[in-house]
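Shown next, in structure tokens, is the structure this report addresses.
The structure presented is a predicted model; accordingly, all values stated were derived computationally and were not measured.
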Amino acid sequence: MEIEPDQPWWRPEQGSTTTWLLSVRVQPGASRTGVAGPTGPEGAELKVRLASPPVDGRANDELVRWLARELGVPRSAVTLVRGQTSRSKQLRIDTTNRRG
């Protein structure tokens, strides 16, 4: 997944050049995991479909794993900051150790 830096749902964390914040709206229980495109007012969130159901944090775990793989960073570089029980979530991604 290639992310353009000028998207409203993808912005650098204040005061950092290697840490970014990603705003997503998840749809758990989809047939497969993947990006559906921008959603919300002015495309402020990236809609992500998740194959996992929203039970016992499984959808959150899949979101973190999938994002790490797609962005080429270690799983430990992706942190769920806000929205543990909500469909709207904010994640912090540390791109310091980005692969390729």
* Just by modelled atom types, is the Gly83 backbone N or O under 3.5 Å from a matching donor or acceptor in the Lys89 side chain? -> yes

* Take Leu91 and Leu63 through the side chain to side chain contact (heavy atoms under 4.5 Å, CB included) test and state the conclusion after the steps. => CA-CA 10 Å; Leu91 297 108; Leu63 176 64; 3.9 Å; yes

N/O donor to acceptor pairs below 3.5 angstrom from side-chain atoms of residues 73-82, sequence neighbours left out:
residue : atom : partner : partner atom : Å
Arg82   : NH2  : Gln90   : OE1          : 2.8

Considering all heavy atoms of both residues, which atom of [X] and which atom of [Y] are nearest to each other, and what is their separation?
| X | Y | answer |
| --- | --- | --- |
| Pro8 | Gly43 | CG-O, 3.2 Å |
| Trp9 | Pro38 | NE1-CB, 4.0 Å |
| Pro28 | Pro53 | CB-C, 4.4 Å |

* Listed by chain and number, what are the salt bridge (Lys or Arg N to Asp or Glu O under 4.0 Å) partners of Arg92, not counting sequence neighbours? -> Glu13

* To do: Provide the full list of salt bridge (charged side-chain N to carboxylate O under 4.0 Å, His left out) pairs with a residue in residues 29-49, sequence neighbours left out, each pair given once.
  => none

* Asked: Can you tell me how far CG of Leu46 sits from CZ of Arg25, rounded to the nearest 0.5 angstrom?
  ->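 If we round to the nearest 0.5 Å, Arg25:CZ and Leu46:CG are 12.5 Å apart.
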
Transitive ILVMFWY side-chain link [X] to [Y], under 4.5 Å:
| X | Y | answer |
| --- | --- | --- |
| Trp20 | Leu22 | yes |
| Val26 | Trp10 | yes |
| Leu21 | Val48 | no |

* **Residues which pass side-chain contact (heavy atoms from CB on, under 4.5 Å) with Thr18, listed by chain and number, not counting sequence neighbours** =>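 Per chain and number, Thr18 pairs via side-chain contact (heavy atoms from CB on, under 4.5 Å) with Ser16, Asp94, Thr95, Thr96.
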
* **Any residue meeting side-chain hydrogen bond (donor to acceptor under 3.5 Å, both in side chains) with Thr33, in chain and number order, not counting sequence neighbours** => Glu62

